Amino acid sequence: MRERVRVTADSPRELETPRPLAQSREAARSGHSIAEPEAVYVYGLMRAQLKLAFGCLVGFLATAGSLAVLLTTMSVLNEVILWGVPLSWLLHAFGFYPVIFVFALIYATAARRNERRFRALKESVE
Amino acid sequence: MTSPFALPAVALVLVITLILGFAGVRLSRSTSDFFVASRSVRPFWNASAISGEYLSAGTFLGLSGLVLLSGSAGFWFPIGYAAGYLLVLLFVGAPLRRSGAYTIPDFIEARVESRGARQLTSVIVVITGFLYIVPQLHGAAITLNVAAGLPLWVGAVVVALVVAGAVAGGGMRAITAVQAFHYWLKLFALLVPAVLLLIVVAGDPSPPDPHLAFPESAGPAGADLYRTLSLLMALLLGTIGLPHVLVRFYTSPGGDSARRATVIVIVLISAFYVVSSTIGLIARIAVPDLAAPGAADTAVLALPSRLLPGVLGQVVTALVVAGAFAAFLATSSGLVVALAGVVSQDLFGGTVRSFRFSAIACALTPLLFSFLTLGGGLVSSVGLVFVFAASSLTPVLLLGVWWRKLTARGAIAGMAVGAISSAGSLIGAKVVPRNSWWASILEQPAAWTVCLAAAVIVVVSLCDRSRRPRRADWFLSRLHVPEAPDAS
């Protein structure tokens with residue numbers, strides 16, 4: 001089935017007016033924190049996503065950092081010549097992108113799973 | 001080095017850009033299942049468009065120049081740009097899409113509920129954008145000078161006028177088709193010469209000594225640790241604060257699709273950087289004589305006619321010129337759209353007429369700056385933009401998305417400290433003696449300015465507890481709660 005989706009920007013005016021979740025409309029209107037059970041899940045989701053993001057960041061920095069240390073300290077890599085270019089140069093030019101991609105993929109998949117879990121939890125309460 | 005096909009190629013790119021741009025509204029309506037509604041295609045084209053806008057003169061011309069000039073340290077720039085998108089994905093991508101904000105000032109105002117914070121953000125966004133447009137115009141100037149023998153100012157004026165006209169006319173207003181076209185043109189325009197040059201270089205019966213073309217001192221082992229780390233910090237964090245990145249998320253229907261598009265963006269820009277880095281390596285083998293400041297940025301343009309015979313060399317040169325122009329146009333039009341939105345809303349109340357006026361002003365002001373500053377290396381001037389954005393905007397965006405206790409005063413203080421310390425340090429680096437120990441600290445200040453700005457935001461916000469935005473909890477839940485399943 002095809003469906004049209006129009007993508008438009010909210011005007012800043014709209015942004016200033018809360019568009020609360022249906023369940024927490026009253027609480028949001030009055031400007032206080034959102035309804036209690038909902039809020040617990042939201043904070044849980046935020047914590048999970050932040051933990052995931054930091055986990056991926058640390059993993060990425062550790063992997064890329066080790067590769068960088070390897071490149072700068074292993075003079076053997078400079079002696080191996082492939083297609084007329086030292087291996088250390090080739091690794092520096094091309095080696096980091098796969099690392100970036102792998103962590104991007106891990107994050108996107110896991111973040112999606114976190115959100116699915118959040119939705120399931122919310123539905124089970126309702 | 002000049003090619004008779006260069007000017008027709010530039011004209012063709014301009015014409016296709018304008019046709020796609022002005023017809024874009026109609027086109028995307030009649031093929032809406034292709035560009036808008038069909039979910040399976042959508043993140044891919046959206047990602048092509050984001051990549052098209054992101055890949056600028058800095059990486060198209062500048063990267064090979066830098067690799068030629070200063071060795072493998074140049075590779076840190078594209079690695080940092082690509083990893084910068086990883087950080088966008090990890091920390092702000094989906095939340096910023098869900099915020100409903102169209103520009104960074106919109107987001108800050110909605111988050112901390114303060115006009116003052118909004119105005120300061122707008123000023124910083126406009127400065128960042130101007131700083132980023134200037135190297136694009138320099139790139140255009142160099143390109144037409146080298147490939148068509150025109151005076152330096154011509155290229156800069158052409159790009160500035162086309163962008164001003166097209167954005168003011170409504171032709172390039174975040175039209176996915178134009179930006180996506182530019183991405184594929186850029187990739188193709190470097191891939192074809194890269195393959196042909198590789199064939200030529202591989203067939204060379206007496207290849208140069210690898211240890212002469214790639215000396216160990218210019219390799220990965222020769223880098224300065226502090227400078228490299230500080231530079232990488234600026235590149236990684238700077239992407240989050242770039243004015244034209246947030247706008248593009250808006251073309252994703254929801255948070256999750258924004259994330260998927262970002263993953264594809266990482267693949268697409270990495271593919272481009274791999275090709276561009278390959279040309280940098282070829283340049284070290286084939287045109288070591290261009291390794292001088294100023295000349296190095298022309299390496300990509302010079303390579304085809306040096307290595308390929310006759311007409312083939314000229315045609316490939318023209319293709320490279322076309323790709324380079326796509327880079328200047330895509331990035332500067334993306335920036336001008338973002339800046340004109342900010343300027344027209346903050347100064348003139350956001351009417352269509354004021355948007356047009358602002359677009360022209362935002363394209364022509366950097367043109368004046370570009371005349372004053374012609375001659376700096378492309379990559380390093382783009383690097384300065386990342387330092388400034390990473391110090392002034394990134395800390396407040398990150399804390400705004402993840403930290404409930406952020407207040408308007410904290411945001412204002414942090415942005416001001418980040419902007420002033422990074423700008424001051426970059427200017428200071430010009431006056432101190434080059435080899436003193438603190439020259440590095442001033443030239444690559446991101447490592448301390450980012451931390452300083454973040455610390456100021458946290459301390460001031462904590463001291464300002466009574467003024468926490470009333471709707472902070474509601475706003476954060478809006479950023480992080482996924483849309484209903486059918487919208488993602």
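These numbers come from a predicted model, not from an experiment.
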Looking at the rings of Tyr97(A) and Phe75(B), which for Trp means the six-membered one, are their centres under 6.0 Å apart?
-> no
Between Cys56(A), Ala93(A), Pro98(A), which residue shows the highest count of heavy-atom pairs closer than 4.5 Å to chain B?
-> Ala93(A)
Supply the atom-to-atom distance Leu90(B) CG to Ile106(A) CD1, rounded to the nearest 0.5 angstrom.
-> 10.5 Å
Would you mind checking which part of Leu281(B) comes under 4.5 Å of any heavy atom in chain A, side chain (CB onward), backbone (N, CA, C, O), both or neither?
-> side chain
Distance-only donor-acceptor hits, side chain of residues 261-272 of chain B, under 3.5 Å, sequence neighbours excluded:
unit_1    : atom_1 : unit_2    : atom_2 : d
Thr262(B) : OG1    : Ala258(B) : O      : 2.6
Ser270(B) : OG     : Ile266(B) : O      : 2.6

Kindly indicate, with the supporting measurements, whether the criterion side chain to side chain contact (heavy atoms under 4.5 Å, CB included) is fulfilled by Trp89(A) and Arg284(B).
-> CA-CA 12 Å; Trp89(A) 285 66; Arg284(B) 282 195 79 90; 3.5 Å; yes
Rounded to the nearest 0.5 Å, how far does OH of Tyr43(A) lie from CZ of Arg404(B)?
-> 4.5 Å
Contact part of Pro95(B) toward chain A, heavy-atom cut-off under 4.5 Å: side chain, backbone, both or neither?
-> neither
Answer with side chain, backbone, both or neither: which region of Leu52(A) has an atom nearer than 4.5 Å to a non-hydrogen atom of chain B?
-> neither
Side chain / backbone / both / neither for Ala64(A) at chain B, heavy atoms under 4.5 Å = neither
Leu232(B), part contacting chain A, at a heavy-atom distance under 4.5 Å = neither
Provide the closest heavy-atom pair for Phe60(A) versus Leu86(B) in the form atom of the first, atom of the second, distance.
-> CG-CD2, 3.7 Å
Test item: Phe54(A) and Phe91(B) side chains (from C-beta on) under 4.5 Å apart, heavy atoms = yes
Phe96(A)/Trp76(B) aromatic ring centres below 6.0 Å | yes
Any residue meeting salt bridge (charged side-chain N to carboxylate O under 4.0 Å, His left out) with Arg259(B), in chain and number order, not counting sequence neighbours = Glu115(A), Asp256(B)
Please report the shortest heavy-atom distance between Met46(A) and Leu476(B), naming the atom on each side.
-> CE-CD1, 4.0 Å
CG (Leu71(A)) and OG (Ser72(B)) are apart, to the nearest 0.5 Å, by 8.0 Å
Minimum heavy-atom distance between Ile100(A) and Ala82(B), given as atom pair plus value = CD1-CB, 3.8 Å
In Å and rounded to the nearest 0.5 Å, what is the CG to CZ distance from Leu105(A) to Arg260(B)?
-> 12.0 Å
